[in-house]
Protein chains: 2
Amino acid sequence: MADDTDTDELGIPVLAKPLSASGRKRASITEAAIAEFVQRGYTGASVDSIATRAGVSKPTIYSHFGNKQRLFLAVIGGYLRDSYTDLGPRADGIADAPDLRTALVDFLGAWVEVVLREDIMTLRRLVIGEVERFPQLGEVWARINIVHDDALVRAFTALDQRGTLQVPDPRAAVRQLIAMTIGAAQLIRTFRPAYRFDDGELDALVTSGVDVFLSAYAGFVVPAAVVSRRRRAG
Amino acid sequence: MADDTDTDELGIPVLAKPLSASGRKRASITEAAIAEFVQRGYTGASVDSIATRAGVSKPTIYSHFGNKQRLFLAVIGGYLRDSYTDLGPRADGIADAPDLRTALVDFLGAWVEVVLREDIMTLRRLVIGEVERFPQLGEVWARINIVHDDALVRAFTALDQRGTLQVPDPRAAVRQLIAMTIGAAQLIRTFRPAYRFDDGELDALVTSGVDVFLSAYAGFVVPAAVVSRRRRAG
DNA sequence: GTCTATATAAAGATAGAC
DNA sequence: GTCTATCTTTATATAGAC
């Protein structure tokens with residue numbers, strides 16, 4: 001058993017830093033398990049195969065992690081946490097950027113490139129597919145999203161106080177902005193892993209999302225979004 | 001083998017209408033297989049268990065569907081197609097509704113209630129989790145979404161021609177509206193199956209999404225979204 | 001077409017030696 | 001702590017009788 005390992009508040013075992021020979025084996029098991037689980041899913045993955053990949057015997061895995069479920073939670077939960085903790089660009093400069101529209105487009109454009117990475121998308125599909133069996137992983141994901149959103153929430157709160165934006169509910173506004181840009185792109189690739197965005201397609205998607213957002217919350221219509229509209233209306 | 005069954009353009013076997021005794025068995029296998037796959041996933045489901053649920057023997061299943069993969073594709077693909085073909089409210093009245101905002105809120109509110117149903121969400125998670133193994137299912141899903149979006153696309157195109165809305169790219173606009181409302185709600189429940197929306201929470205989410213949409217594409221700010229904003233700006 | 005019975009392989013997990 | 005060897009169960013798939 002491995003009941004002596006600590007777990008965080010979501011039940012994800014927190015692994016100690018590997019140092020000893022035993023620690024190195026544990027690390028190699030972790031690495032092998034991530035690869036196997038990501039590739040074949042929870043049920044499809046076999047402990048045998050993980051042992052072979054890691055270059056250890058099966059009982060070694062069981063002595064470290066107890067059983068397959070604990071192994072999955074520990075390695076995938078930890079992988080999630082570590083991957084996303086410092087993932088994506090920082091939003092710190094946005095509140096003070098000279099051109100808000102450009103700053104948002106750049107920020108969201110960089111972010112969407114990260115979340116559309118194959119490895120990230122595959123991990124995402126794995127977690128979604130297993131979330132009814134392992135609800136803790138969904139909670140980890142939700143928490144990570146909140147943390148990531150916070151940067152934009154702070155920026156919009158500041159901009160609201162300065163009067164640059166009028167955002168009564170910053171968190172809701174952030175959710176809307178992200179849904180229109182990142183969420184829309186992610187949704188396509190969630191169901192169509194092979195889909196490739198054309199040159200400029202992602203850009204247009206992000207830009208028009210930002211424009212809709214600004215036209216609602218900045219109280220003005222941004223040029224590019226509404227050329228045809230100005231013409232028509234005028 | 002079951003190589004004599006027809007398949008549609010996505011490779012999903014099209015099942016003939018069940019009539020004979022053999023047809024009834026086939027139908028009961030289909031029903032049992034859907035339940036088993038939805039409950040345990042593709043790899044976790046066992047043909048043994050499906051046979052028991054259906055009250056038939058294992059060879060009967062293999063004689064009808066060939067192997068487990070074909071069985072999965074046939075029943076889940078068919079279930080997807082049938083479930084979603086006439087799912088959700090009709091958007092036909094929207095272009096001619098006296099109050100566009102109310103019509104959109106009602107329409108999207110009804111729609112989001114359907115897509116958040118447990119059985120629909122579970123099916124969605126299953127498809128996402130298996131989409132790398134069965135890309136056809138993702139294509140089916142994408143096609144269904146396009147069909148569903150079309151109703152709104154037509155409505156916005158008509159409203160654009162009449163000048164009620166200014167929507168240069170109706171399909172992109174529909175995607176944005178749906179992302180902010182349905183997509184945002186769906187995303188939460190995708191990772192948190194146990195999450196329950198408060199009374200009014202879904203309503204607020206949908207309404208504020210519609211308001212952002214209208215403020216961008218109708219060229220005016222709708223009352224409820226911006227009370228605090230009018231005050232500030234005035 | 002459908003069954004019983006079975007072939008064959010692989011899974012999760014552990015006993016016991018070192 | 002880690003290994004070899006093994007237990008037990010369950011999986012997909014099929015042969016052959018009716």
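The analysis underlying the following values was restricted to heavy atoms, covering all of them including side chains, and did not include hydrogens, waters or symmetry mates.
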Handout entry: Rounded distance in Å - CZ (B/F37) to P (D/dA11)
Key = 12 Å
Problem - Parallel, tilted or perpendicular: ring planes of A/Y217 versus A/F213, cut at 30 and 60 degrees - result: tilted
Fill in the blank from the handout: Quick note, B/P59 side chain, CB onward, closest among C/dA13, C/dT4, D/dT2 is C/dT4
Exercise for the section: Starting from P on D/dC7, measure out to NZ on A/K58 and report it in whole angstrom. Expected result: 13 Å
Fill in the blank from the handout: B/I61 CD1 to D/dT14 P, in whole Å, measures 14 Å
Exercise for the section: Give a yes or no on whether a salt bridge exists between B/D48 and B/K58, defined as a side-chain N under 4.0 angstrom from a carboxylate O. Expected result: yes
Problem - Atom pair distance, as rounded to whole Å: CZ in A/R24 and P in D/dT2 - result: 10 Å
Practice task
Would you mind classifying the nucleic acid contact of A/A45 as base, sugar-phosphate or nothing, using non-hydrogen atoms under 4.0 angstrom?
Solution key: sugar-phosphate
Completion exercise
B/D48 atom CG is separated from C/dC3 atom C1', nearest whole Å, by 14 Å
Problem - N/O (side chain, B/S57) to phosphate O (OP1/OP2, C/dC3) under 4.0 Å - result: yes
Fill in the blank from the handout: B/N67 atom CG is separated from D/dA11 atom P, nearest whole Å, by 17 Å
Exercise for the section: Specify whether B/F37 and B/Y42 have parallel, tilted or perpendicular ring planes, treating 30° as the upper limit for parallel and 60° as the lower limit for perpendicular. Expected result: parallel
Handout entry: Contact under 4.0 Å: A/S46 side-chain N or O vs C/dA11 OP1/OP2
Key = yes
Exercise for the section: Starting from C1' on C/dA13, measure out to CD on A/Q69 and report it in whole angstrom. Expected result: 13 Å
Handout entry: Separation of atom OH in A/Y62 from atom P in D/dT6, rounded to whole Å
Key = 19 Å
Exercise for the section: With A/R124 as the cation and B/F191 as the aromatic partner, state whether NZ or CZ is under 6.0 Å from the six-membered ring centre and within 45° of the axis. Expected result: no
